[in-house]
Peer 1: 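Okay, handing you the structure first.
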Amino acid sequence: MRGVSGEEGEEIMGLSKSDIRKLQKVGYDASGAVPRAGTFLTRDHEVVSSEEREKGLEILSLEVALRKYSWVEELVFELVSKEKDDYTKELAKFSPVGYFIRALPGARITKPVQSCFFIKTARFSQMVHNIIVAEPESELHIITGCTTASYVKQGSHIGVTEFYVRENARLSYTMIHDWAPQVRVFPRSAALVEAGGTFISNYIALTAAELVQAYPMATVKRGGVARFNSIIYAPQGAHFDLGAAAKLIEPEAKAEIISRAVSDGGEVVARGYLEGGAANTKGHMECSGLLLRGEGSIHAVPELKGIFPETDLSHEAAVGKIADEEIQYLMTRGLDQDTATSLIVRGFLDVRLKGLPPELQLAIDTMIKKASLGRTM
Amino acid sequence: MNTSLLEIDNLEVRIGDKTILHGANLTIEGGTVHVIFGPNGSGKTSLVGAIMGLPQYEVTGGDIKFKGESILSLPIHERAKLGIGLAFQRPPAVKGVTLFHLLKAVKGSEDNILPAAESLNLKDYLHRDINKGFSGGEIKRSEILQLKLMDPALLMLDEPESGVDFENIVLLSDIIREMLQKELPITNRKKSGLIITHTGFIIQHIQTDVGHVILDGRILCSGNPQEILQIIRKHGFEKCVECLEKREKR
């Protein structure tokens with residue numbers, strides 16, 4: 001299959017200029033100008049583009065991968081149970097749509113692979129299943145954007161993603177959501193981080209969705225590391241129930257969960273669970289929440305469970321409003337109240353995510369800037 | 001007609017239920033630097049806070065005019081835009097907002113930020129959160145850097161020497177003198193200053209034109225700053241006021 005090009009005014013493979021702009025907002029470059037190791041684009045349930053541009057990288061639709069490799073079957077619904085909930089049960093009934101992305105042993109894929117799940121049809125119920133494998137000693141970075149066509153107001157997205165980070169491999173996965181206000185989203189993800197492996201999961205949602213409910217879980221083996229970062233801006237009408245969990249099951253395993261949430265009238269539940277189950281395991285969690293108005297809420301639910309004496313688990317959680325004296329201080333420098341507030345909100349959300357390509361960090365910075373300014377409009 | 005830059009007339013200010021300033025009067029002409037001496041709790045910080053419009057300092061009587069117009073109804077940022085700048089004694093730390101982000105927002109561009117920061121030895125602090133983990137001297141230098149880029153007509157400095165070592169006082173004084181256009185003949189100076197101090201140490205480094213003593217929320221006397229400081233050092237604040245009052249009566 002060929003890739004999508006984004007020339008002005010052209011409609012290519014059913015994607016309009018406006019669609020392409022939406023894709024760009026979630027980190028998907030359709031022009032080919034931005035360095036990418038590969039691409040995978042799904043419109044509703046149709047795979048529009050699947051392409052690998054680097055050696056050592058394999059990108060297939062899951063359907064094709066299941067036919068090509070008999071062992072892939074064993075990876076499907078291995079980390080996320082079919083019986084987990086109604087959404088996984090529903091998904092298991094359908095033949096899978098989604099990707100299989102794999103870095104071969106020792107392959108260092110430093111440019112990111114970009115993927116996008118795009119809802120083009122109004123009221124569409126998109127169901128996807130993805131398998132990602134970073135084979136031993138490999139490095140892989142994936143950006144997945146999820147968005148809707150500008151005219152789509154309603155719909156749903158159910159996605160199961162299973163990550164296999166093999167020994168001493170490094171995998172970063174950045175998911176950016178830009179849904180329409182009445183879309184309901186249920187990602188169900190889990191990761192297995194084998195000895196010496198590193199898994200970084202970044203989640204960014206800065207626009208309203210009716211409900212996003214996600215709680216990825218990593219199981220971390222000897223000397224492995226799992227890091228979860230989430231940046232949430234919840235305008236009025238948005239409801240995010242998000243979190244991350246890590247089970248440190250072998251010695252020297254580590255995990256970190258960092259969550260920054262701003263409620264501008266929306267509802268946010270920020271969950272976190274760390275379980276220390278072996279010697280010299282270490283986990284830390286930070287949930288910071290900022291409430292900008294009387295409506296909306298942020299509910300931080302940090303949980304720590306030590307089941308082995310030599311584990312070191314900690315958490316910090318803080319939810320509150322911006323201190324008046326900070327706003328007033330910035331106002332003494334000539335900034336009006338809204339500009340001062342926006343500056344603080346931007347700063348609060350400005351978490352430098354490790355392992356991101358610069359242009360994606362820039363795109364995220366721009367989205368944060370827009371979100372923080374949007375509140376004053 | 002020549003109007004004063006700042007005119008404070010019979011100003012009453014309270015914090016919560018407690019009245020802090022009881023009818024304070026002060027006039028600052030363009031191009032002059034005033035210093036207010038007073039012990040802790042005498043109302044010095046409340047005076048500059050009320051001029052800046054900080055809401056915890058509630059004006060219950062009197063007026064504040066800047067460039068001939070009452071500013072009592074103006075919010076903080078409008079007063080800043082008119083040309084009032086305040087270097088806080090203890091500014092808050094602002095998590096997530098770097099000094100550079102703030103300076104860029106203040107200036108509307110990145111121009112001049114780097115050389116200004118270099119002049120105050122703050123280049124390495126530009127990308128740190130404002131005041132977070134800053135030492136006493138770093139906080140004061142950061143305050144002066146912000147005001148330097150704002151270039152206010154009235155520079156209010158609340159205890160600029162507190163918590164600052166000698167080396168930093170010399171550096172800060174050099175920059176403040178430059179901001180107050182001290183190199184120009186007095187008739188050509190446009191910038192004015194209002195320095196709040198309880199030790200008086202700063203005026204050894206910055207030449208001031210008029211001194212005042214504030215006690216229990218009243219500005220009680222005015223005169224030569226060096227002379228006032230000497231009397232305060234010798235006899236304390238209350239004796240200083242008595243002495244100056246007697247001299248005025250003669």
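Numbers restart at 1 for each chain; the letters A, B, ... are given by sequence-line order, proteins then strands.
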Peer 1: Go through the atoms of B:L103 and report whether side chain, backbone, both or neither lie under 4.5 Å from a heavy atom of chain A.
Peer 2: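 Neither part.
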Peer 1: Testing the basics here: between B:A80 and A:G334, what is the closest heavy-atom pair and its distance to 0.1 Å?
Peer 2: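 For B:A80 and A:G334, the tightest heavy-atom pair comes out as CB-N, 3.6 Å.
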Peer 1: So do the side chains of A:L330 and B:I130 get within less than 4.5 Å of each other, counting heavy atoms only?
Peer 2: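 Result yes, sub-4.5 Å side-chain heavy-atom pair found.
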Peer 1: Please enumerate all residues that pass side-chain hydrogen bond (donor to acceptor under 3.5 Å, both in side chains) together with A:K254, with sequence neighbours excluded.
Peer 2: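 side-chain hydrogen bond (donor to acceptor under 3.5 Å, both in side chains) check on A:K254 returns nothing, list empty.
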Peer 1: Could you list every donor-acceptor pair linking chain A to chain B (distance under 3.5 Å, backbone and side chains)?
Peer 2:
unit_1 : atom_1 : unit_2 : atom_2 : d
A:Y329 : OH     : B:N131 : ND2    : 3.4
A:Y329 : OH     : B:E143 : OE2    : 2.3
A:Y329 : OH     : B:Q146 : OE1    : 3.4
A:Y329 : OH     : B:Q146 : NE2    : 3.1
A:R333 : NE     : B:Q146 : OE1    : 2.6
A:R333 : NH1    : B:L86  : O      : 2.6
A:R333 : NH2    : B:L86  : O      : 3.4
A:R333 : NH2    : B:E143 : OE1    : 2.7
A:R333 : NH2    : B:E143 : OE2    : 3.4
A:R333 : NH2    : B:Q146 : OE1    : 3.4

Peer 1: The criterion is side chain to side chain contact (heavy atoms under 4.5 Å, CB included); which residues satisfy it with B:L82, sequence neighbours excluded?
Peer 2: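 Side chain to side chain contact (heavy atoms under 4.5 Å, CB included) list for B:L82, sorted by chain: B:F66, B:I71, B:L74.
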Peer 1: Which answer fits B:L102, side chain, backbone, both or neither, if we ask what part of it has an atom under 4.5 Å from a heavy atom of chain A?
Peer 2: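 Looking at B:L102, backbone and side chain both touch chain A.
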Peer 1: Under the side chain to side chain contact (heavy atoms under 4.5 Å, CB included) test, which residues partner A:E139, sequence neighbours left out?
Peer 2: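 Side chain to side chain contact (heavy atoms under 4.5 Å, CB included) list for A:E139, sorted by chain: A:R108, A:T110, A:H141, A:R170.
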Peer 1: With chain B, which of A:L343, A:L349, A:I344, A:I322 has the greatest number of heavy-atom pairs at distances under 4.5 Å?
Peer 2: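 Looking at each of A:L343, A:L349, A:I344, A:I322 in turn, A:L343 comes out on top.
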